[in-house]
Every structure is written in C-alpha cells, then in structure tokens.
Amino acid sequence: MAGTSFLLYQKRNSWLERWDPRMKIIAVLLFGAALLLTHSLGLKTAQLLLLIVLWGVAKLSWRVLVFTLLSLSIFFASTMIYQSVLTAVPGEDMITWGWLTFSAQGVIRGVMMCEQIAGIVLLLALLVRTTSPIVLAEGLEMLLKPLKKWRLPVHEAVMMFSIALRFLPILIEEFDKIRKAQLARGGGFHRKGVASRFRGVLPMLMPLFVMSIIRAKDLAVAMESRCYQGDEGRTPIRIYRLQRSDYAVFSFSIVNLAAIFVL
Amino acid sequence: MQIRLDHVSFTYSRRSRKKVQQGPYVLKELDLTIESGEMMAIAGKSGSGKSTFLQLLKGFLAPTEGSVLLAGINPHQARRPELFDKVGFIFQYPEHQLFSTTVFDDIAFGLQSAGLTDAEKEAKVRQAMAAVQLDYETFKDCSPFELSGGEKRRVAIAGVVVLEPEVLILDEPTAGLDLQSRTALFDLLHGMNREQGITVMWVSHQLEEILAHATRLIALKEGRFLADGHPHILLSDPVLLEAFGWEEPPALAITRLLQELGVVEKGEQSRLWTPQEASEAIIGLLDRQRITV
Amino acid sequence: MIDIRDTTFYYNAPQEDEEDAGRRPALSHISLNIVPGEFVAFLGRNGSGKSSLSRLLNGIELPTEGTVSVEGHVTSDKAALRSVRRAVQIVFQNPENQQVGITVGEDISFGLSNIGWPQHDIADRVAWAIKLVGLDADEDRPVMNLSGGEKQKLALAAVLALAPRYLILDEATSMLDPVARRQFVATLHEVRKQYSFTLIYITHHLEEVTNADRWVLFQSGKVVTSGTPDELMENTGLLQSCGLELPYYRTLAGLLREQGIPVSAALNERELRELLCKSG
C-alpha cells in the first residue's frame with residue numbers, strides 16, 4: 001500500500017484541488033502545447049519552474065517530486081548524449097573536454113528536450129494528484145460530451161478509467177499476498193535464486209487474473225444492483241460552476257501559449 | 001519442532017533522508033515457546049499484529065529486535081533459512097492461489113525444485129491427498145476450479161502438506177465454509193496432529209471453534225500477548241472477555257454454573273458439557289431438589 | 001409484496017438437445033411470497049440456492065422459468081427494471097467488492113446519481129445516510145482506510161440512501177469478525193426502528209436471525225420448508241442437514257422443554273441460574 005499511496009490522489013485541501021476539472025484538463029493541454037512549441041530556453045525553463053512552484057502550492061511532497069524526476073534520469077542522460085554528442089551538426093561550436101567532444105548548441109537542445117520531458121510528466125502528475133479520480137472522470141466526460149453524438153462510449157470509457165484507479169491499490173496488495181503464498185508453497189524461498197524457482201509467471205498471474213475476474217464480476221453485479229444503467233438519467237454528483245480562479249487559469253494558459261508566437 | 005520467540009519486537013521502519021525512522025511497534029517484546037505437537041489457536045482483531053506474528057514464524061519477516069528460534073536455532077543468524085521450510089503456511093482463502101489445470105499439478109507445484117523422480121513425486125502427492133482425504137484416482141486429473149469450496153480448500157492445503165512441514169500455520173482456515181466442511185476440516189487437522197505429531201496453529205475468530213479444538217490459546221492485542229493458556233480458562237475470564245469484546249461461550253458458562261451448584265467436580269475443568277449432558281444434569285438436579293423439598 | 005411463482009433458474013440454461021440437459025438448476029420450482037414489513041431469513045448450506053434467489057429478486061438474474069414480481073412489476077419487464085431495483089436493494093458479502101467510489105461520499109452518491117436523485121439534495125442525503133448507520137467517517141474519508149465492518153456499514157448506508165422498501169443482506173456479515181458482526185447486526189436493527197423496510201437476511205449463522213418472523217430453509221435449489229423460528233428450531237435434524245447449528249442455549253432450552261421444564265425459548269445463563277437457585 002505504501003508503494004501506491006503516492007501514486008494516487010490524496011485530499012490535501014490545496015488551492016489546485018478547488019479548480020474546476022474541465023478547466024484543469026484544458027489548462028494542462030494548453031500548457032503542454034506551449035511547453036512543446038517554445039523554442040526559447042528561457043521560456044521553457046520559466047514554465048518548468050512555474051510547475052515546480054505549483055507543486056508546492058498543491059502541498060505535494062517534495063520527496064515524490066525528486067523521486068519522479070530521478071526515475072526519469074535515464075531518459076535525461078540518453079537525451080543529452082544523443083543531442084549533444086551524436087547529432088552534432090557541422091558548423092556548430094564544438095567544445096572539447098579531454099576525450100569528450102560535444103556541441104554547445106546540442107547541449108542547449110538537449111536541455112530543452114529534458115525540460116520538455118520533465119514538464120509533461122510534472123504536468124500530468126499535478127493533474128492526477130490534485131484531482132479525485134471521480135471528479136477527473138466527470139470533467140473528462142463533460143468535455144468529451146460532443147463525441148457522444150457519434151455514439152462513442154465516452155461515459156463507459158471514463159467510468160472504466162475511474163474504477164481501474166479505485167481497484168489498483170487492492171490489486172497491488174493482492175499481488176503481494178499471492179506472491180507470499182506461492183513462495184510458501186514453493187519451499188526454499190530463502191535460498192538464492194528465488195526467481196529461478198518459479199518456472200514462469202503462471203503461478204502468480206493466474207490467481208491474480210482469476211481474482212480480478214471474480215472482483216470485476218462482483219463489482220459489476222453490485223453496480224447494476226444499485227441501479228447503474230450507463231449514463232441514462234444520471235445526475236452528476238457535483239455541480240461544476242466555473243469560478244473566477246478557473247477563468248484566471250484559463251486566461252493564463254492562453255497568454256502563455258500566445259507568448260510563444262509573440263516572443 | 002519447537003518454536004521459541006525470545007523478546008521479539010517488530011516495526012516497519014521508514015527511511016527518510018538520513019536517519020531511519022522507527023514506526024510504531026507492530027509487535028512488542030514477545031516471549032513464547034510452542035512445543036512440538038500443540039493445537040494452538042491465535043485470536044486478535046485485525047491490526048493486532050497477528051498477521052505480522054505469523055509471518056515472523058514463517059520467516060517472511062525478520063524481527064527488528066530479539067530472535068525467532070526454530071528447534072533452538074535462529075535461522076536468520078545461522079544462515080539456515082531452509083529451517084523455515086519446516087513451517088507450512090496456509091493463507092486465508094488458500095483456494096484463491098490455485099492455478100494449475102489439474103489437482104495433481106497444483107499439489108506437486110512445491111516439489112518442482114526438489115529434484116524428485118516422477119515416481120517419488122507421485123508417492124508424495126498421493127500421501128498428501130490421503131492426508132486431506134481426497135481420493136487420488138478421482139481427483140488427480142480434475143481441474144481445481146471445478147471443485148466445491150471445501151474440496152478446493154483441501155487441495156490448497158495438500159499443496160502445503162506435500163512439503164512435509166512439522167508446523168502448520170493456518171489463517172482463518174474455516175472462513176466461508178459451511179458446518180459440514182468445517183467439521184471435516186478440523187477432523188483432518190486433528191488427524192495430522194495426532195498421527196504425525198504436526199504442530200497446528202490457526203487464527204480464529206470463532207470462540208466455539210477455539211473451545212472445541214484448541215488446547216492452547218494466545219490472544220494478541222496491540223502487538224502484545226494479552227493472554228496465553230488453556231481456552232477453557234481464558235474464555236471464562238471476564239477481564240479478558242471484556243478486553244476483546246467477546247461473550248463467554250455458553251458451554252463454559254453452563255459448566256461453571258454446574259460447578260457452582262456442585263454437579264461438576266472442581267477439578268473437572270477441561271471437560272465441556274454438551275447441551276444433552278447439561279440438560280440431563282439440570283433435570284437430575286431439579287429432581288433431587290424436588291425430593292429434598 | 002414480492003411474489004415468486006414456480007421459478008426455476010439455471011446460471012447457464014441448458015439447450016434441450018445438449019448432453020448437459022440434465023444439469024442441476026440453481027433453483028428449481030420455487031414459489032414464495034414475501035410480504036411488506038416482514039423479516040425473513042433464507043438459510044441453507046453453500047450452494048443451496050439462497051443467494052441465487054436473492055439475485056432474482058432485483059432482476060440481476062432473470063428466472064429461466066416462472067416469474068418473479070415486485071409490487072406488481074415483473075422483473076423480466078425491461079421498462080420496470082429500474083423501479084424494481086429501486087425497491088429491492090442488496091448488501092453483498094465481500095466488503096471490498098461493492099464500493100465504486102474512492103471516498104465515502106462519492107460511493108453513496110453513486111447510487112443516488114444513478115436513480116436521478118435531485119442534485120441539490122445529494123449532499124444532504126449522503127450526510128443523512130452516514131448518520132443513519134452511525135458510520136464514524138465524514139464523506140471525504142477514503143474507502144480504502146475503512147475496516148471491514150465499516151465498509152459493510154458504508155454499503156448499508158449506500159443502499160439505504162436509495163430508500164428501498166426491501167433490503168437483502170446476502171451473507172453480509174460472513175467476512176466480519178464476531179465483534180464487527182455484532183455491531184453490524186445491532187446497527188441494522190437500530191436503523192430498522194427509525195426507517196422500516198422488509199428485511200431478507202441470508203446467512204448460515206442462526207443466532208443472527210432468532211428474532212426473524214420467518215425462516216426459509218433451502219437445500220439443493222429447493223425450499224425444504226418455511227416457518228417461524230420457534231417451529232423450525234424443534235427440528236434439529238433438519239436444521240443440521242441444512243448446515244445449520246442451533247445456538248447452545250436454544251438446543252438446551254429445547255431439550256429441557258421436552259422434559260416439561262418451563263424455560264423460555266430465549267433461555268440464557270441468568271434464567272437458568274434463577275431456575276436452579278430459586279428451587280434450591
């Protein structure tokens with residue numbers, strides 16, 4: 001459970017949690033577009049810094065931030081090498097440090113790429129960690145409403161997504177239990193080569209699979225029994241009204257995107 | 001095999017920055033000796049440290065302080081983890097861990113790494129199935145998923161018994177079973193205990209079940225043993241009953257009442273009175289009272 | 001009223017020309033009425049059909065033969081399904097597998113939202129339901145942090161919020177420890193004093209249903225018998241063959257009464273003590 005608790009939304013009563021989910025999703029898209037489209041190192045850095053500030057405003061743990069960025073370090077490293085060493089274009093300023101030759105423009109390109117990766121990951125992390133899955137699902141559903149005209153199962157897809165999030169921690173716990181139970185049945189698990197003692201993953205995955213099916217069936221019955229019939233005649237759980245702060249967030253996202261074309 | 005806990009404490013530690021933060025104690029300074037061949041029940045609410053305690057006995061977890069000794073040896077210190085193989089562990093709803101296409105394969109799963117010939121393997125599976133009273137020829141080729149709840153559970157138990165444990169730990173073995181399957185399961189456990197001298201330890205919430213089958217009960221609360229002794233004595237102790245929110249099992253209350261009235265000898269504590277016996281005793285008592293009047 | 005008429009039910013209906021045409025149905029030729037306000041217990045071994053029947057009552061499963069109707073609506077009538085389900089609600093066995101929401105409030109709102117409860121009243125209704133079952137949690141509490149007993153109380157709150165007239169408890173206490181189980185049963189009866197509904201209680205713990213109006217005994221998909229607890233308790237042999245064990249005091253009371261000793265059916269230690277000490 002400890003492993004998953006930081007993956008998901010937890011109520012912290014921050015300012016970001018009060019933002020309207022629709023506006024949050026739009027802002028994430030606009031901000032993401034801006035981040036990808038800028039060619040200015042300064043702007044990209046400023047945007048990344050803003051995200052880090054927002055992380056603080058959202059009262060999220062700094063440890064998780066560092067952990068998230070560290071988990072991307074292999075991408076950062078390979079991006080830097082690729083951009084600055086491998087794809088150096090003739091005519092760029094080449095710098096030589098000992099045996100290492102790299103291009104100055106390449107380094108800037110690399111840094112910008114890394115900022116992009118980090119920015120997108122942080123943006124999505126902010127969205128998921130400051131929005132309750134059901135709220136997120138409802139927001140998404142409202143935004144995608146036009147697609148229902150073409151009979152796309154928007155509601156069903158969104159519902160599946162939020163239930164998956166709800167059951168993820170339970171499945172992870174279950175996996176741990178099955179692992180231990182199979183180890184207890186396998187004998188000799190304390191000795192070396194734990195992995196080699198399991199011929200394949202079947203003993204783990206099969207019970208997990210069976211359990212998930214049982215759970216899914218149980219849950220489907222429970223939902224149906226509670227009068228769930230798709231989105232027919234449902235009242236949304238919350239009333240979403242755009243507040244002044246939502247308009248501010250929206251305007252800021254637009255300005256941010258526009259700035260790229262102006263500057 | 002004797003199991004001994006020597007001043008065992010356990011805490012899940014959390015690492016943060018530089019220092020290792022000690023979380024709250026899940027188990028605190030436990031001392032306990034479990035002799036070979038005991039029938040022992042373990043009681044306690046969820047969150048009492050029960051499950052951590054069991055995992056220490058199987059070696060899934062190592063104590064933060066103190067030591068767990070199997071046959072006098074600390075397997076962690078002596079680097080003899082294979083000692084934990086002698087402890088069989090059966091989780092709650094063990095039938096959920098079945099995965100093979102046939103009962104035989106599922107039971108033989110644990111034997112894979114032992115380097116046995118097919119004949120040896122078959123002999124062991126036969127023996128394990130006999131121990132859980134499943135007919136070898138009838139069931140060996142069945143799919144475990146087609147069996148009834150009670151049968152599935154016996155297959156899962158056979159999968160542990162086949163490893164020839166000396167100690168068997170079961171987490172709520174009768175959960176979800178009906179009366180007939182529960183009785184059958186305990187007949188099985190008593191048989192293994194009596195004939196092979198296997199120590200049986202099980203977690204139970206059912207006081208009647210504990211009373212009927214255990215010769216020793218340990219009750220855990222907030223990481224400590226609140227009581228350790230014969231269930232007949234513990235389950236009529238008002239202080240302990242209060243601490244766990246339990247109600248005294250009627251069989252004990254009646255036995256005590258009959259004792260007070262002089263129907264039962266004081267020393268006869270380990271015997272429980274069935275409703276039939278109690279009714280006869282009560283009728284006899286009333287008759288005698290009528291005569292004296 | 002719930003009216004079950006000559007109902008047979010197969011989980012997988014056999015085709016007539018197929019070999020497995022002889023496969024045992026989960027329920028066979030059941031006829032039963034449940035009247036409003038009643039507290040009825042369905043009893044029997046695992047797989048005896050008691051849970052299958054409960055699923056027919058709110059149209060989760062439809063009878064293979066025969067009809068089930070709830071207050072005049074036949075469950076197989078698609079147009080009436082929603083009113084049938086609103087009238088008949090179920091609390092299931094596994095506390096983990098019936099919550100949809102991440103928080104207590106979201107979960108209770110789920111059902112309300114499904115039946116089109118007026119939006120402005122949802123928050124009040126959620127608060128009402130939490131209070132009704134005495135759940136010690138505000139609506140923002142994550143479902144994951146609740147204990148098993150609390151999860152079942154939440155399940156109870158979530159279905160009661162829909163104002164059902166019939167409530168089915170399908171072995172709702174079987175995964176709880178005795179203390180949580182006793183609390184849950186106490187809560188249930190407390191709630192029933194404030195808000196009355198027909199109660200259908202499925203269990204194999206007789207002590208939870210000694211105060212029921214009627215017991216219905218199931219065996220191999222058939223109703224063996226039904227009657228008041230006092231009538232059926234006389235027949236210990238039948239109860240045992242249905243996997244049911246009479247509580248100790250009940251058995252004792254039966255035995256004593258057979259011998260003409262005037263004890264009440266709800267015999268307890270105090271009564272016995274008085275009986276033995278008074279005359280002594």
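Order of the sequence lines sets the chain letters (A, B, ...), proteins ahead of strands, with each chain counted from 1.
With chain C as the partner, the residue from B:S181, B:P275, B:P249 showing the most heavy-atom pairs under 4.5 Å is B:P275. Heavy-atom pairs under 4.5 Å with chain C were tallied for B:A278, B:A251, B:A253; the largest tally goes to B:A251. Between chain B and the options C:E258, C:H204, C:E245, heavy-atom pairs under 4.5 Å are most frequent for C:E245.
At a 4.5 Å heavy-atom cutoff, the contact between B:E247 and chain C is made by backbone and side-chain atoms alike. Using a 4.5 Å cut-off between heavy atoms, B:A175 makes no contact with chain C at all. Heavy-atom distances place no part of C:E171 under 4.5 Å from chain B, backbone and side chain included. Within the 4.5 angstrom heavy-atom criterion, no atom of B:L207 approaches chain C. Contact annotation for B:Q276: both backbone and side-chain heavy atoms come within less than 4.5 Å of a heavy atom of chain C. With a threshold of 4.5 angstrom between heavy atoms, B:T183 does not approach chain C through any atom at all. Contact annotation for C:L246: neither backbone nor side-chain heavy atoms come within less than 4.5 Å of a heavy atom of chain B.
Inspection of the C:Q219 and C:S48 side chains reveals no N or O donor paired with an N or O acceptor under 3.5 Å. C:Y11 and C:S52 share a side-chain donor-acceptor pair at under 3.5 Å. In this structure, a donor-acceptor pair under 3.5 Å is present between the side chains of C:E208 and C:T173.
The aromatic rings of B:H232 and B:H230 lie perpendicular to each other, with more than 60° between the two planes, well past the 30° mark. Note: B:H213 and B:H190 have tilted aromatic rings, judged against thresholds of 30 and 60 degrees for the angle between ring planes.
A side-chain contact (heavy atoms from CB on, under 4.5 Å) with C:V143 holds for exactly one of C:T103, C:I102, C:L154; it is C:L154. Among B:R153, B:E209, B:R182, the single residue meeting the side chain to side chain donor-acceptor pair (under 3.5 Å) criterion with B:T174 is B:E209.
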